[in-house]
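First the structure, in the form of structure tokens, and then the observations on it.
Bear in mind the structure is a predicted one, so any value in this text is a computation, not a measurement. Order of the sequence lines sets the chain letters (A, B, ...), proteins ahead of strands, with each chain counted from 1.
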Amino acid sequence: MGSLESGSLRAVSGDASSGGPMAADASGSGFFATRADWLVNWGRKNSLWPMPLGLSCCGIELMAMIGPKFDLARFGAEAARFTPRQCDLLIVAGTLTWKMATAARTIYDQMPDPKWVIAMGVCSSSGGMYDSYAVVQGIDSIMPVDVYVPGCPPRPDAVIDAILKLQKKIEREAPVAKLLGLGAAERDERGTGKLVYQPNHGLSKGVLDKHPHDPKGKLGLRDPAPRKTENGKP
Amino acid sequence: MSTTESSTTGAAEATPAPRWAAALEGIEHRRVASADGLDTLEVAREHLHQLLAALKERAGFAMCTLVTAVDHYPATPRFALTHQLLSLEHSERIRVRCWLRDDDAHAPTCSDLWPGANWSERECFDMFGIRFDGHPDLRRLLMPQGYDHHPLRKEFPHAGIEPDRLYRQWDRQRRVGWSEEGAAQ
């Protein structure tokens, strides 16, 4: 994160050290929107509801993280719910196979916006040691990812660090400014995974632009745009 | 292939007749040497079910621990269908091997003898493409239904053949279903 950007980010996140609430608004969103954004983000980041998708040994570390020793409740994200409708943080913990990929994507689609994704462990981040016909080579092939956690499996501390990083990321979002159309939407960094495979590839653009939950476009939802890879190939 | 146990050849000749030899009287099979020292019988496909039934009913091999195959590509015949049986009563194991050709890869099921062999045979079908005649429910066990290839065959590449095809197909259909164009169709 460059120093040039950090000034505007501080203004959005309401950090008192950068001049307090009356600081010049570099983002152009205005006083009300930035204050309201700060408040909404404060609420969102401190009450994440994780959906644990434990697929292999990472799931054990995930349980340890939520348990009393590492105590994820300190960061307000301990209330794991096993229904995606009540969650806003999908933690994919373990090896995702192509056979399971339909279920994982369904879970992602069933979670209400706003939602974030943590790829826990090397298997879900990149396929890991399973360079195989059966394993998805990184869950960013099928869904956008916010934070990748390396490790096999990662220690609970590493996943807590990922959640803290995600909280910092949530601080930089501008939900109210986006809602009011104040030109702050570009700060929305949600799901910056590389998304190698385009999830809707082979479809016409008119169909692609439609979000599954919002086919008429009234809510302004849309799928994350496909990212370019370095060599242009999956 | 047509010798009975009284005229066995090779390494097995020096050893005394095993406990289960009498149970296999009249069934064509051949006793062969194996690298791990496990008693191994080779049998033609026509007599496979008869032999397995005799081993279960008359020799006490009450448990079928494994049904799998080995791909010896490019040799002919190509597949060595292997059953490994266990007798808890006598604390003995035995291996039954049946050679199958690539263009004729099917064998009688043994899931009527050991119900537990049902899924083993499904896995064997999934991984090698060997069909089991008379199997009650011969679907793939591990790979998704509708997948076209058999991953443990030697010609199957390491990285797989279109591993994401079925997912993409599902993804596309579901999106078309949610769009207005799809709803109109």
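The parts of A/T106 that come within reach of chain B are both its backbone and its side chain, each placing non-hydrogen atoms under 4.5 angstrom from that chain. Residue A/T102 touches chain B through both its backbone and its side chain, counting heavy-atom pairs closer than 4.5 Å. For a residue to count as touching a neighbouring chain, one of its non-hydrogen atoms must lie under 4.5 Å from one of that chain's; by this rule B/L142 touches chain A with the backbone only.
Counting non-hydrogen atoms of neighbouring residues, nucleotides and ligands closer than 6.0 angstrom, the CH2 atom of A/W42 reaches no more than 12 such neighbours.
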If you apply the rule salt bridge (charged side-chain N to carboxylate O under 4.0 Å, His left out), what do you find for B/D39 with B/R93, and how did you get there? CA-CA 7 Å; B/D39 286 325; B/R93 291 176 190 270; over 6 Å; no

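Every pair passing side chain to side chain donor-acceptor pair (under 3.5 Å) that includes a residue from residues 121-130 of chain B is listed here, sequence neighbours excluded: B/T109-B/E121, B/D126-B/R140.
A centroid separation of less than 6.0 Å is found between the aromatic rings of B/F156 and A/Y133.
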